[in-house]
Number of protein chains: 2
Amino acid sequence: MSQQPRSRVANRPVTPGRTAPTRPENTALSPTQPPVDDDAVIEVQGVYIISVAARILDMHPQTLRKYERIGLINPGRTIGMLRLYSAEDIKKVRLIRYLSDELGLNLAGVEFALAAFDNMSAIKQRISSRLEGIPAAQKVVQEEMDLLFDSLNLPVDR
Amino acid sequence: MSQQPRSRVANRPVTPGRTAPTRPENTALSPTQPPVDDDAVIEVQGVYIISVAARILDMHPQTLRKYERIGLINPGRTIGMLRLYSAEDIKKVRLIRYLSDELGLNLAGVEFALAAFDNMSAIKQRISSRLEGIPAAQKVVQEEMDLLFDSLNLPVDR
DNA sequence: CAAACTTGACATGACTCGTATCAGACTCTA
DNA sequence: TAGAGTCTGATACGAGTCATGTCAAGTTTG
């Protein structure tokens, strides 16, 4: 299994459409960095520090670190490199846990499944946009692709 | 982790109809058996007993039996219950081996992946048929779904 | 008839996974 | 600024998985 080159920088390339994470009061380790400088400060990456995320998920912090090491998740970082887990990240970990615990996939399988989901979502998007002018066809594809997602037995949460 | 109900992963088939692309049941090897009936035009595809299949695949017979026990494959049987592996079956085992050896999936992951492939194929089929009257849309879907299959990194052979 | 097959049970070595710990350096909050 | 928490990297452990292997007793095939 190949690994993404680890970036040392607070990252999150992000596909379009990612909504700016909110900042719940809850245990938020306020990344209230004094504005390092100009711009950027706006894009708050995560909300929960690893110990909090682990508690929320009832999982061991080391497990979260391992998931990150093998490229399953990609939490943001503070300037000081502390991991920050967004609600998105938490949700993804829950999906990983479902695939692992409930379906019995190993981590290679989880990686495969996540990639498949992503690809399916992307294709659905692409088809829909290419069928812009043909609403009838768009509807058919929408319906069937939803069926396809259903067929994967994902947890309602997802 | 328990693993009795070997259907944890079993994605529900998208279509109620066909499921396994296994060879027609009545294609018994037994030369002593007269063809069940007319249409049994016997494809000379070849049908192998387990020892031959294992040799072809360079795998242990026990491994093939295990794959069958957990539902990954479904070779035919002679009247006397000897397993009969068709070319289809052989190909499927090769895919299983690829997913396992090359991608590192465990058997639960293989089960999941195979089900996903089936469902994707089925959906592609359904969409195509529902788009019968709109060739332009049909073409778009065809292209994109092929892209989706490509994205799964299947071996050329498959 | 003999060879190869059947099912079912159990065993083995190599590997995976989540968890755990240690050390030394760094970050963040109070 | 003190101290609790986090960082990376290494190492380790128990439990589980997987392919393979063996045994026994019975059946099928050529």
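Computed from heavy atoms alone, side chains included, the values below leave out hydrogens, waters and symmetry copies. The chains referred to below are lettered A, B, ... by the order of the sequence lines, with proteins before strands, and numbering in each begins at 1.
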With the side chain defined as heavy atoms from C-beta on, Arg65(B) is closest, among dT6(C), dC5(C), dT6(D), to dT6(C)
Between CD1 of Ile70(B) and P of dG8(C) the distance, given in whole Å, is 15 Å
Arg97(B) CZ to dC18(D) P, in whole Å, measures 17 Å
Taken to the nearest whole Å, CZ/Arg69(B) to P/dA19(D) is 11 Å
Once base and sugar-phosphate atoms are separated, protein heavy atoms under 4.0 Å mark nucleotides 12-27 of chain C, 5' to 3', with B, S and - as -----SBBBB-----S
Does Arg83(A) make a side-chain N or O approach to OP1 or OP2 of dT6(D) shorter than 4.0 Å? no
Sorted by chain and residue number, the side-chain contact (heavy atoms from CB on, under 4.5 Å) partners of Thr63(B) (sequence neighbours excluded) come out as Met59(B), His60(B), Tyr67(B)
Identify whether the distance between the nearest side-chain nitrogen and carboxylate oxygen of Glu68(B) and Arg77(B) falls below 4.0 Å.
yes
Across all chains, not counting sequence neighbours, the side-chain contact (heavy atoms from CB on, under 4.5 Å) partners of Ile90(B) are Tyr48(B), Ala53(B), Ile56(B), Leu57(B), Tyr85(B), Arg94(B)
Quiz prompt | Presence of salt bridge, Arg83(A) and Asp89(A), under 4.0 angstrom | solution = no
> Is Glu143(B) paired with Lys139(B) through a side-chain N to carboxylate O contact shorter than 4.0 Å?
Replying inline: yes
message = Quiz question: by atom type and distance under 3.5 Å, do the side chains of Asp118(A) and Ser121(A) form a donor-acceptor pair?
response = no
Leu99(B) atom CG is separated from dC18(D) atom P, nearest whole Å, by 13 Å
Testing dT6(C), dT8(D), dT6(D) for proximity to the side chain of Ile49(A), the answer is dT6(D)
